Amino acid sequence: MRLTTAFDGIEAGIIIDEAEAYGGSDDPASHAYRGRTARNASMFEGAGTLYVYRIYGIHWCANIVTGPEGEPSAVLIRGGVPAIGRDAMIQRRGSAGHLSDGPGKVCQALGITGVADGTSVVGGPVRLAAPTKRLPIQIQESPRIGISRGTSRRWRFVARNVDGSSLALT
DNA sequence: CACCTGATTGCCT
DNA sequence: GGCAATCAGGTGA
């Protein structure tokens, strides 16, 4: 899927190639594990809601809510391949390399901040859209990264070419 | 109210 | 491979 943004009249977008799933009260690694708080309120909204939070006091991370209202679950967008608005992404990131290979980098490159928290990915400033064409890929599953609880779940998903190489636009 | 830690990144050796 | 940056949410007294 593509993740596109339109902030200040600037369009940018990536092809998502890395993501992680997070649940609710059954998932100790989830922000919603201990119930609803001011920060994770968006996770309790309906599917298609954007959940944006600040991490380490520095970076933003973006999730797309997947469950019905009241049942928190979301997918963290961990990485993607720059597809449109590459120049804008380079300007926001400050350099040309590693534009969107990490959750914090994805948000910085696409201009996603806390102001987009709670918005819909259908018709909002941040949108989830179908790919323009379906590429031959495989999905690799592995444990989630950067967490200290719930590590046994293999809920990290990385899209790769059929030969195992990283996705890249050709 | 004090303390701790994190769904990360980038620079240093 | 190691570690600092930087701060709000969450926890416990």
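Within every chain, numbering begins at 1; the chains are lettered A, B, ... in the order of the sequence lines, protein sequences first and strands thereafter. It should be emphasised that the depicted structure is a prediction, and the values quoted were computed from it without experimental measurement.
Residues forming a side-chain hydrogen bond (donor to acceptor under 3.5 Å, both in side chains) with A:Ser152 (at least two apart in sequence, or on another chain): none. A:Thr66 is linked by a side-chain hydrogen bond (donor to acceptor under 3.5 Å, both in side chains) to A:Ser73, counting only residues two or more places apart in sequence or in another chain.
A salt bridge (charged side-chain N to carboxylate O under 4.0 Å, His left out) check over residues 70-83 of chain A, counting only residues at least two apart or in different chains, returns the pairs A:Glu18-A:Arg78, A:Glu20-A:Arg78. Applying the salt bridge (charged side-chain N to carboxylate O under 4.0 Å, His left out) test to every pair with at least one member in residues 123-144 of chain A, sequence neighbours left out, gives these pairs: A:Asp27-A:Arg144. Pairs of residues two or more places apart, or lying in two chains, that qualify as side chain to side chain donor-acceptor pair (under 3.5 Å) and include a residue from residues 83-95 of chain A are A:Arg93-A:Gln108. Pairs engaging residues 100-110 of chain A under the salt bridge (charged side-chain N to carboxylate O under 4.0 Å, His left out) rule: A:Asp101-A:Lys105 [sequence neighbours left out]. Sorted by first then second residue, the salt bridge (charged side-chain N to carboxylate O under 4.0 Å, His left out) pairs that include residues 1-13 of chain A, not counting sequence neighbours, number zero. Listed by first and then second residue, the ring pair (Phe, Tyr, Trp, His ring centres under 6.0 Å) pairs that reach into residues 53-85 of chain A are A:His31-A:Tyr53, A:Tyr51-A:Tyr53, sequence neighbours excluded.
Of the possible donor and acceptor atoms, one in the side chain of A:Arg54 sits under 3.5 Å from a partner among the backbone N and O of A:Ile58.
Looking at heavy atoms from C-beta onward, A:Ile55 lies in side-chain contact with A:Cys61 at the 4.5 angstrom threshold. Side-chain contact between A:Val158 and A:Asp17 is absent, with no heavy-atom pair separated by less than 4.5 Å. Counting only heavy atoms from C-beta outward, the side chains of A:Leu167 and A:Asn161 approach each other to under 4.5 Å.
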Given pairs defined as Watson-Crick or G-U wobble with both distances under 3.5 Å, what dot-bracket annotation applies to DNA chain C, with ( ) intrastrand, [ ] crossing, | other strand and . unpaired? |||||.||||||.
How does each nucleotide of nucleotides 1-8 of chain B score, in 5' to 3' order, for protein heavy atoms under 4.0 Å: base (B), sugar-phosphate only (S), or none (-)? -----BBB
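Of the residues in residues 86-94 of chain A, those lying under 4.0 Å from DNA chain B by heavy-atom distance are A:Arg93. Remark: nothing in residues 107-119 of chain A comes within less than 4.0 Å of DNA chain B through any heavy atom.
Distance noted for atom P between B:dT5 and C:dC3: 16 Å (whole Å).
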